[in-house]
Structure formats: structure tokens, C-alpha cells
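Report on the structure given below.
Whatever order the structure lists them in is the order used to number ligands and atoms, beginning at 1.
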Amino acid sequence: MASPVGARSRTPGGTVRILAPAKINLGLAVLGRRGDGYHELLTLFQAVSLCDRLTLRRRRNGVRVRCPALPGLGPDNLAHRAAVLFLERTGAAGGVEIDIEKRIPAGGGLGGGSSDAAAALVGCCTLFGVRATAEQVRSWAARLGSDVPFFVEGGAAMGTGRGEAVQPVESWQGEATALIHIPPRGLATAAVYGRLDRSALTGDRRRFSILLARWGKGDLRRLGAALFNDLEGAAFALNPRLAAVKDALRAEGASGALLCGSGSSVVGLFADPAGAGRAERVLRGRFPGRFVRTHFLGSRKRWGVVKR
Ligand code: C5P
């Protein structure tokens, strides 16, 4: 039987704390444009240790989400919508309030909003004692956004369709420190997709196959050379400085570097934390914004939910 998500306790209530990690995409192939306006993707997601933190409590009715970093947050917020969807789908009695401590910036391509939404779904399962399978929670998640299903379990996974159809892949078997640069200004996902050069959408899956084969081998140098993101052309056209960050990461010893999702963050992979630290010191003087050193996270089963 598929393992249940989030329901560690049969006693509902109390306080649930749950982490919502960021993700990077180590490969992102845009295969073509679909009739529904989305793009058909092949992508390799990896959850990383930069995390938002959510605290969930029951309330008498309705949904309330608070986040000091997001003033004016309303019912269109993804975590809010996730909680509403949970209550609708499960018929759970009462309401929920969610406090979000935000560390993952918006507009960075790191999936923060999507991850908060997935964490809200999983956290609600625990809070209300609802035993749902990961597959079921992913089907709710897919209604909220293309990246949300990945974050139900996190870890490393391949995404197909518009990114919402996820299949876990084995964990990375080597060392890796991911140094992420987060520029002061984000990019809007729709704007980046909207700028894609359609003639470049060839449906070519070969680079992705090469990437997956190297993923299984644990050699970071060889993996680094296979990283790719078809959204880079469009994102770099919108902000040419991002290409310079990528080049600088490579020049300072990254095994590979690429745009995170639809940007504007750029990540470099390093064999050890010291190498990432040296690169960070050099780049900090050249590029405004934040730098975060992260490591790859395994599946949520290992670190997910704490209930008190
Ligand atoms: O699914 P989500 O709401 O996160 O997508 C945001 C926007 O990104 C979509 O409205 C669409 O413009 C673009 N997108 C796309 N193809 C995908 C995923 C997202 O064109 N596979």
C-alpha cells in the first residue's frame, strides 16, 4: 500500500510545524507548446535546504494565513488556496490558521509559493488526522500549480507534463553544495515562458536522457557538464546579468551552473562547502543580491512534519 502523507498521529488538533523547502531544476527541457497554453516539460527537480517554515493550528472556521514578509496577503495566496482546497476535498470540520516564516524569495524560480502550498496540504493532513496517500495529495496539489505536486514529498524527482506529473528518482550519491544567487529582482514565470523562441522547441529528449544517466553515477564533474535549462535564453534576454552570474560561478570552480526554473536565481554546484564559500566571497563583491549555500534534501518522509 502507498504510504500515507503527514498523518503521523490519529489525534487531531495541536500545532503542526512543517518545513517547505526550495527546489532547483538540474535539467529543464521545454518540449513544445500545448493547446492549454502551458508548455510540455521534462525536468529533474531537487529539493534543497533553504526552507520556509509553516505553523498550522485549527480554528473554528475558515482559513487565515499570515506572513510578515508578504503584507496584503489574501485568499489568492497559494497556501491559503491549498488550505481551502483541503477542507473542501476532505470535508474536515472547522478551519485552519497558517503562519508562514518566509526565507525563500518570490520570483526566484525556487518554488517557494508552490512549496508553501504543498506543505499546507501535508500539514493539514496531520493537523486533522486525515490519512491520504501521496498520490491523492499530489492530485490536489496539481490543481494549485505545476510545481506543487513535486513538493508533496520533495527529494529528487523527474517532472513531466507541465511539471506536475512527478516520479521519484534515486538520491544523488555524491557530495554536492548548491550555491544559489538570488538577485534583487525576480522574474515572472509567465513572462519568461512568453518570451521563449518557439523555433527552439524541438522536442529533443536526448540531453535529458544524458543528464539522468549521469545523475545515477554520482560524479559531480560529469553531472555539471550535463546540466541544462531551456528557459535560460528567454530569462537571460530579460536580465542579461544572470548570464554573467552563471559564467562567474563556473569561473570560480562550480562543476556546473544554471538558471533555477524560470529564474531569476542561478545555482552553481560545488564538490565541497569550502569551494562554494570561496566562490561566494568572490561573487559577493560583483553581484548584488543574496547568496545561500544549500545541500540536497531527501524525501519528506525523512524530515517532514512535527506535531505537538
Ligand atoms: O502552473 P503555474 O501556475 O505555476 O504556471 C505559471 C505560468 O507559467 C503559467 O501561467 C504559464 O504561463 C507558465 N507555464 C508554462 N508551462 C509550464 C508551467 C508554467 O507555460 N509547464
Side-chain angles (χ1 to χ4, degrees), residues 20-47 52 65 70 73-86 100 102 104-122 137-154 157-167 185-205 207-208 211 228-239 242 258-265:
K23 57 84 180 161
I24 55 178
N25 304 73
L26 296 167
L28 197 160
V30 184
L31 300 175
R33 184 131 194 253
R34 313 187 336 175
D36 62 4
Y38 281 89
H39 291 79
E40 193 70 18
L41 305 182
L42 260 181
T43 187
L44 177 59
F45 291 109
Q46 172 64 62
D52 289 345
V65 180
L70 302 174
L73 177 155
D76 55 343
N77 170 270
L78 265 191
H80 187 113
R81 288 174 49 206
V84 170
L85 185 71
F86 172 86
I100 304 178
K102 200 91 195 116
I104 310 168
L110 299 169
S114 300
S115 188
D116 293 349
L121 290 175
V122 174
V137 180
R138 278 197 295 265
S139 79
W140 300 336
R143 302 176 66 89
L144 298 165
S146 307
D147 285 347
V148 186
F150 163 69
F151 288 109
V152 171
E153 291 189 295
M158 190 172 111
T160 57
R162 59 188 167 91
E164 92 290 2
V166 289
Q167 245 177 285
R185 283 187 35 223
L187 284 174
T189 304
V192 175
Y193 276 100
R195 220 185 150 108
L196 271 176
D197 175 2
R198 291 203 197 163
S199 63
L201 306 184
T202 57
D204 183 1
R205 293 162 182 264
R207 282 168 312 156
F208 196 79
L211 176 75
F228 73 98
N229 183 342
D230 285 349
L231 296 175
E232 281 183 345
F236 293 173
L238 289 166
N239 183 352
L242 305 182
L258 82 171
L259 184 77
C260 299
S262 58
S264 61
S265 299

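Atom CZ of Arg34 has more than 12 neighbouring heavy atoms from other residues, nucleotides or ligands inside a 6.0 Å radius.
Rounding to the nearest 0.5 Å places NE2 of His39 at 6.5 Å from CZ of Arg198. For the atom pair Arg162 CZ and Glu40 CD, the distance stands at 10.5 Å (nearest 0.5 Å).
A donor-acceptor pair is defined here as one N or O able to donate and one able to accept, closer than 3.5 Å; no such pair exists between the side chain of Asp52 and the backbone of Asp116. The closest donor-acceptor contact from the side chain of Ser115 to the backbone of Pro21 lies under 3.5 Å.
Between Phe150 and Phe45, the angle of the ring planes stays under 30°, which puts this pair in the parallel group of the 30/60° scheme.
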Report all N/O contacts between ligand 1 and the protein shorter than 3.5 Å as a table of atom names and distances to 0.1 Å; if there are none, say 'none'.
from, atom 1, to, atom 2, distance (Å)
ligand 1, 1 (O), Ser146, N, 3.0
ligand 1, 1 (O), Ser146, OG, 2.5
ligand 1, 16 (N), His39, N, 2.9
ligand 1, 20 (O), His39, ND1, 2.7
ligand 1, 21 (N), His39, O, 2.9
ligand 1, 21 (N), Arg162, O, 3.0

